[in-house]
2 protein chains.
Amino acid sequence: MSDADKGPARGRPRTMNAEQVLDVAMTAYWHSDPADVSVNAICQMAGISKPSLYREFGSEDGLSRAALDRYADQVLSEMFVILHAGAGLRQTLATLIDFASDDPRMETGCLFYKMRAGKHRLGTDTRARVEEIDAAGQAAYAAFLQAARDAGDWPDGLSVEAGAKYLGEQIALAITQRASGEDPARIREMLTLALSVFTRP
Amino acid sequence: MSDADKGPARGRPRTMNAEQVLDVAMTAYWHSDPADVSVNAICQMAGISKPSLYREFGSEDGLSRAALDRYADQVLSEMFVILHAGAGLRQTLATLIDFASDDPRMETGCLFYKMRAGKHRLGTDTRARVEEIDAAGQAAYAAFLQAARDAGDWPDGLSVEAGAKYLGEQIALAITQRASGEDPARIREMLTLALSVFTRP
DNA sequence: GACATAAAATACCGGATAGTATAAAAATGA
DNA sequence: TCATTTTTATACTATCCGGTATTTTATGTC
């Protein structure tokens, strides 16, 4: 199906571009903090009126939920790609460290982690999506570590679940520190130290 | 000097107890989140009027700053005691792990870490005090680790400053997880894993 | 051109916020 | 008793918030 059956275009043609609005919202939430960006501010930045935004997204919760969806598709998916690439334990950890410490997209932190940190301030839909993504992330970390364990590359006395949670929290910590302006080299040093527990001789 | 020279008590005697108000404010900020507690709510909880509060503390910034001071005196000081006790590396780390993982006072997190996480939402005075405490904490961690290094108890290839920052962030992470209802046993497991980098064979 | 339709723009609503002006109350000193 | 002083209590301001009712504008159809 093409865009042709979008409708007969009765009535005043819309000037609002939902994709562009979503881009503005995602970037604003991401660059500053979801709790510090008002619907009014997003309307102003996107050059649209409030009723237009509410007709498209229904509520602030609907907008932030849609912005988070977009973020998951465009940005977060890359972390899942790294985890599912099937590289070895050391190689994958190194790639994760690179991503968290030096990827320019994480320079202002991660929208998902920011939302998770301020979970109680989110609307119900957005919060539910945050928890969904959190669970998916944890499952991906666990699957990755389970594969490493199956390959015999695993320290004694550590469960895969605990390792997965630990790995996820260390990545989150590193990226959160990026947002607060910490020196990337220092972040890399600390994250490398934290993840060295997986690759002990 | 005793309390006797507090003044001749001209005028209507005050019913407001500043200490009690500060206690209410500190607990409220601490138990929920500094950004989610309004001046109005504190007045209501403390049973005082807004003008009384503003006469005593000047502004919301003054109040939160005073509450943080009180918290530093009453709670945070204990962490400094642990660090300055002069116990060995392993013993001190174990005590820190106990404190972060199981001390009932940290069950709802740490007011200082909550303020630090939402630093940009604080007034100038409170923010300055947060940065001051942060620097003092880092210095205390560094002094503690330097002593361990002098005692020969130190892993190769790690600077004291990086170790101090790492240690501080791991403690902060653990206590922040307490606030989000994470299982203390799991928190202990992860924190122990994170700090095991200091005590490798 | 008249009409229906759908979107946009403006202005508004109720509620919460930090902060304050003003008046009432309760004590002392004369 | 009356004035002075200090604190309390009430009521108010200005601003921002999420959300919406209302009007205006731009199109296609007849």
Side-chain angles (χ1 to χ4, degrees), chain A residues 3-22 24-25 28-29 32-67 115 118 120-127, chain B residues 3-22 24-25 28-29 32-67 115 118 120-127:
Chain A
D3 281 4
D5 51 357
K6 250 296 177 55
R10 283 276 287 265
R12 178 173 177 170
R14 68 173 54 180
T15 58
M16 188 195 63
N17 181 339
E19 292 290 309
Q20 180 240 335
V21 171
L22 216 44
V24 166
Y29 286 145
S32 75
D33 191 300
D36 295 332
V37 179
S38 69
V39 174
N40 286 335
I42 289 172
C43 288
Q44 205 163 341
M45 287 185 280
I48 63 168
S49 68
K50 255 202 294 191
S52 296
L53 187 146
Y54 275 89
R55 185 171 38 72
E56 184 73 30
F57 300 103
S59 66
E60 185 179 36
D61 191 20
L63 173 65
S64 58
R65 156 77 197 246
M115 283 184 168
H120 65 283
R121 275 184 268 255
L122 299 175
T124 55
D125 286 7
T126 309
R127 180 162 55 238
Chain B
D3 282 2
D5 52 358
K6 252 292 178 61
R10 280 276 287 268
R12 177 172 177 172
R14 67 174 53 180
T15 58
M16 187 195 64
N17 181 339
E19 293 291 308
Q20 179 239 337
V21 172
L22 216 44
V24 166
Y29 287 145
S32 76
D33 190 300
D36 296 332
V37 179
S38 69
V39 174
N40 286 338
I42 289 171
C43 288
Q44 206 162 341
M45 288 185 280
I48 63 166
S49 69
K50 256 203 292 192
S52 295
L53 187 145
Y54 275 88
R55 185 172 38 74
E56 184 73 31
F57 300 104
S59 66
E60 186 179 35
D61 191 20
L63 173 65
S64 58
R65 155 75 198 248
M115 283 185 168
H120 65 282
R121 275 184 267 256
L122 300 175
T124 55
D125 286 6
T126 309
R127 180 162 55 238

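The figures that follow rest on heavy atoms only: side chains count, while hydrogens, waters and symmetry mates do not. Just so it is clear: chains get the letters A, B, ... in the order the sequence lines come, proteins before strands, and each one is counted from 1.
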Test log, rule side chain to side chain contact (heavy atoms under 4.5 Å, CB included), inputs A/Ser64 and A/Met115: CA-CA 10 Å; A/Ser64 58; A/Met115 283 184 168; 4.2 Å; yes
Give the rounded distance in Å between these two atoms: CG of B/Asp61 and C1' of C/dT17. 16 Å
In short, salt bridge (Lys or Arg N to Asp or Glu O under 4.0 Å) pairs touching residues 52-65 of chain A with sequence neighbours left out are A/Arg14-A/Glu56, A/Arg65-A/Asp69
Just the rounded figure in Å: distance from C1' of D/dG19 to CZ of A/Phe57. 16 Å
Write out all pairs satisfying salt bridge (Lys or Arg N to Asp or Glu O under 4.0 Å) with one or both partners inside residues 33-44 of chain B, taking only residues at least two apart or from two chains. A/Arg121-B/Asp36
Locate the shortest heavy-atom distance separating B/Val37 from B/Ala28; write the atom from each residue and the value. CG2-O, 3.7 Å
Atom pair distance, as rounded to whole Å: CD in A/Glu56 and P in D/dG19: 16 Å
Nearest-Å distance, CG (A/Leu53) to C1' (D/dT20)? 13 Å
Rounded to whole Å, OH of A/Tyr54 lies from C1' of D/dG19 at a distance of 5 Å
List for me each residue that meets side chain to side chain contact (heavy atoms under 4.5 Å, CB included) alongside B/Phe57, sequence neighbours excluded, and say none if there are none. B/Val21, B/Leu22, B/Leu53, B/Leu63, B/Ala66
With sequence neighbours excluded, what pairs up with B/Ala41 under the side chain to side chain contact (heavy atoms under 4.5 Å, CB included) test? B/Ser38, B/Met45
Apply the test side chain to side chain contact (heavy atoms under 4.5 Å, CB included) to residues B/Asn40 and B/Gln44: give CA-CA distance (whole Å), side-chain angles for both, the deciding distance (0.1 Å), then the verdict. CA-CA 6 Å; B/Asn40 286 338; B/Gln44 206 162 341; 5.7 Å; no
How far does the helix from C/dG1-D/dC30 to C/dA30-D/dT1 bend, going by the axes of its first and last five pairs, to the nearest 10°? 30°
Quick tally for nucleotides 5-17 of chain D: nucleotides whose base has a protein heavy atom under 4.0 Å get B, sugar-phosphate-only ones S, the rest -, giving BBBSBB------S
